[in-house]
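Computed from heavy atoms alone, side chains included, the values below leave out hydrogens, waters and symmetry copies.
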Amino acid sequence: MELTILWFVLIAILWIGYLVLEGFDFGVGMLMPILSRNKDKAKQDTERRLIINTIGPVWDGNEVWLITAGGATFAAFPEWYATLFSGFYIPLLLILLALIVRGVAFEYRGKINDDRWRARCDQAIIFGSWIPAILWGVAFANLVRGVELDAAHQYVGGFWALLSPFALLGGLTTLVLFLMHGAVFIALKTDGEVRVKARRLAGYFSVAAVVVAGGWAVWAQVAYSVPWTWAAVVVAALALVGVVIANAKAREGWAFLFSALAILAATVLIFGSMYPDVMPAHDPSNSLNIDNASSTQYTLTVMTWVAVILVPVVLLYQSWTYWVFRRRLSTKDIPPPIGLSLTKIKDAAFGGPSSGSARSLDLTPAEDEKDAGTGATSSGSRKRGTGDTSE
């Protein structure tokens with residue numbers, strides 16, 4: 001196999017890993033406010049922390065697949081990277097900003113024990129999950145359909161040209177797939193009331209995915225793809241039906257595998273439709289392909305040896321992480337909040353009643369800040385639950 005073909009396949013595999021793993025992350029973030037609707041604010045927050053903890057140990061590791069895919073594209077196909085990131089600058093910038101605020105919100109949500117602080121972080125998580133879930137579908141749909149490139153392989157179409165009906169349906173497809181994937185994952189990783197609600201939502205979204213994703217896949221296959229990718233369309237359709245059946249029988253493990261298989265097949269359809277181009281143009285003579293977009297043979301050879309050595313190590317480590325954090329979680333595993341008191345932090349910063357040097361400031365919650373149900377203080381006298389990252 002030629003190294004250009006090998007690296008096209010490897011980049012496709014990296015995107016499969018990213019979309020399968022980060023896909024349920026996005027789904028979890030989008031579904032968090034829906035699955036935690038409760039008039040009891042304390043219970044609502046506990047359920048939200050439970051939902052966040054299902055991906056707490058793995059979400060940042062899942063994003064490594066995106067960084068690796070981007071790095072591999074830059075090194076193996078620099079012309080592709082340059083044209084893609086300049087032409088798709090606005091949507092990719094929006095995705096990057098969304099991922100940044102989402103990551104910050106995950107890390108800092110539990111640092112301060114204040115309802116308004118947590119509400120702002122929740123909004124960042126929701127925003128940071130919805131935006132990429134839609135825009136990745138728009139971006140990949142444009143790669144399947146082709147874009148306006150000139151003879152120098154520069155994108156000349158403008159932002160609005162990216163929002164064709166086919167591309168928008170592609171965005172809706174990834175949105176529905178990730179909502180289904182996230183609901184199945186939450187049902188797989190939780191127990192109790194949240195599990196029941198997640199399984200119910202997974203049933204709705206799996207049926208919607210059959211319709212929406214099926215319609216987009218057939219459109220892509222008939223209008224832009226090649227005969228052999230019909231196999232990917234069929235696999236995706238059967239996998240989505242498998243999700244519906246497995247979820248109805250409360251077989252969350254099988255439902256998750258079928259959901260992952262559907263995303264895998266959809267990614268195969270995307271890259272299979274593009275090949276041998278890496279960025280198809282409306283005028284085929286202007287398209288970037290694996291030959292005119294690739295690096296030198298020496299560069300590809302060095303990259304291949306590095307990948308052979310390091311990729312298995314990364315796969316083993318990430319597999320071990322999922323194995324360690326494999327057990328289900330319930331609200332019983334979530335201890336009282338242990339964040340710092342926002343009032344005392346403000347007093348320290350702006351000279352309030354408890355002001356003083358940061359070194360001597362006592363951040364121990366006052367008596368009225370103790371948890372009414374357990375008597376534990378919000379700074380935390382109890383140990384956190386297994387896998388608790390929201391503190």
Side-chain angles (χ1 to χ4, degrees), residues 16-38 46-59 61-62 125 129 133 173-214 235-267 318-334 385-390:
I16 288 172
Y18 174 71
L19 295 174
V20 168
L21 297 177
E22 190 79 338
F24 66 73
D25 282 0
F26 292 144
V28 168
M30 291 186 287
L31 292 172
M32 180 181 67
I34 301 173
L35 292 174
S36 61
R37 286 179 180 171
N38 203 301
T46 300
E47 290 181 342
R48 290 193 174 188
R49 292 171 62 206
L50 168 64
I51 293 168
I52 293 173
N53 272 278
T54 61
I55 60 173
V58 298
W59 69 266
N62 294 342
I125 292 171
S129 299
T173 296
T174 51
L175 175 66
V176 174
L177 285 175
F178 292 162
L179 284 167
M180 174 194 70
H181 201 39
V184 170
F185 181 78
I186 294 172
L188 177 65
K189 284 290 295 178
T190 61
D191 210 350
E193 186 178 350
V194 172
R195 178 186 180 186
V196 174
K197 291 190 290 186
R199 193 165 65 238
R200 185 185 306 118
L201 282 179
Y204 298 146
F205 289 127
S206 60
V207 173
V210 171
V211 177
V212 176
V235 170
L238 293 176
L240 290 174
V241 173
V243 176
V244 175
I245 296 173
N247 184 74
K249 294 183 177 182
R251 302 294 296 273
E252 290 99 342
W254 282 105
F256 182 77
L257 289 176
F258 283 129
S259 179
L261 180 60
I263 296 174
L264 183 154
T267 311
Q318 194 158 28
S319 299
W320 176 80
T321 302
Y322 276 92
W323 175 256
V324 169
F325 294 100
R326 67 189 181 278
R327 81 174 184 87
R328 292 183 184 271
L329 299 174
S330 70
T331 53
K332 297 178 182 178
D333 297 308
I334 307 301
T386 302
D388 187 20
T389 62
S390 61

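A 4.5 Å side-chain heavy-atom check between Ile125 and Arg48 finds every atom pair outside the cut-off.
Considering only residues two or more places apart in sequence or on other chains, Ser129 meets the side-chain hydrogen bond (donor to acceptor under 3.5 Å, both in side chains) condition with Arg102. A search for side-chain contact (heavy atoms from CB on, under 4.5 Å) contacts involving Trp320 returns Tyr317, Val324, not counting sequence neighbours. Every side-chain contact (heavy atoms from CB on, under 4.5 Å) that Ala209 has, sequence neighbours left out, goes to Val176, Leu177, Met180, Leu240. The side-chain contact (heavy atoms from CB on, under 4.5 Å) search around Leu257 returns Trp254, not counting sequence neighbours. With sequence neighbours left out, the side-chain contact (heavy atoms from CB on, under 4.5 Å) criterion links Thr190 to Leu50, Thr54, Ile186, Val194, Arg195. Shown here are the ring-ring contact (aromatic ring centres under 6.0 Å, His included) partners of Phe185, two or more places apart in sequence or in another chain: Phe24, Phe256. Qualifying side-chain hydrogen bond (donor to acceptor under 3.5 Å, both in side chains) partners for Thr46, counting only residues two or more places apart in sequence or in other chains: none. Remark: Glu47 engages no residue in a side-chain hydrogen bond (donor to acceptor under 3.5 Å, both in side chains) (not counting sequence neighbours).
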inquiry  = His181 vs Val20, test: side-chain contact (heavy atoms from CB on, under 4.5 Å). Steps then yes/no.
reply    = CA-CA 8 Å; His181 201 39; Val20 168; 4.1 Å; yes
Audit row: Val241, Phe258, side-chain contact (heavy atoms from CB on, under 4.5 Å) steps and yes/no = CA-CA 8 Å; Val241 173; Phe258 283 129; over 6 Å; no
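Separation of atoms OG (Ser36) and NZ (Lys197) is listed at 7.0 Å; rounding is to 0.5 Å. Interatomic distance, Leu329 CG to Ile51 CD1, rounded to the nearest 0.5 Å: 11.5 Å.
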Please tabulate, for the side chains in residues 25-35, all donor-acceptor contacts under 3.5 angstrom to protein atoms that are two or more places apart in sequence or on a different chain.
from	atom 1	to	atom 2	distance (Å)
Asp25	OD1	Asn62	ND2	3.4
Asp25	OD2	Asn62	ND2	3.0

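Smallest separation of non-hydrogen atoms from Ala202 and Val184: CB-CG2, 3.8 Å. The two residues Ala239 and Ala262 come nearest to each other via the heavy atoms CB-N, 3.7 Å. Closest approach of Pro57 and Thr321 over heavy atoms only: O-CG2, 3.9 Å. Nearest heavy-atom pair, Ala198 versus Ala187, reported as atom, atom and distance to 0.1 Å: CB-N, 3.7 Å.
More than 12 non-hydrogen atoms from other residues, nucleotides or ligands lie less than 6.0 angstrom from CZ of Arg328.
Applying the side-chain hydrogen bond (donor to acceptor under 3.5 Å, both in side chains) rule to pairs touching residues 198-210 yields Arg199-Glu252, sequence neighbours excluded.
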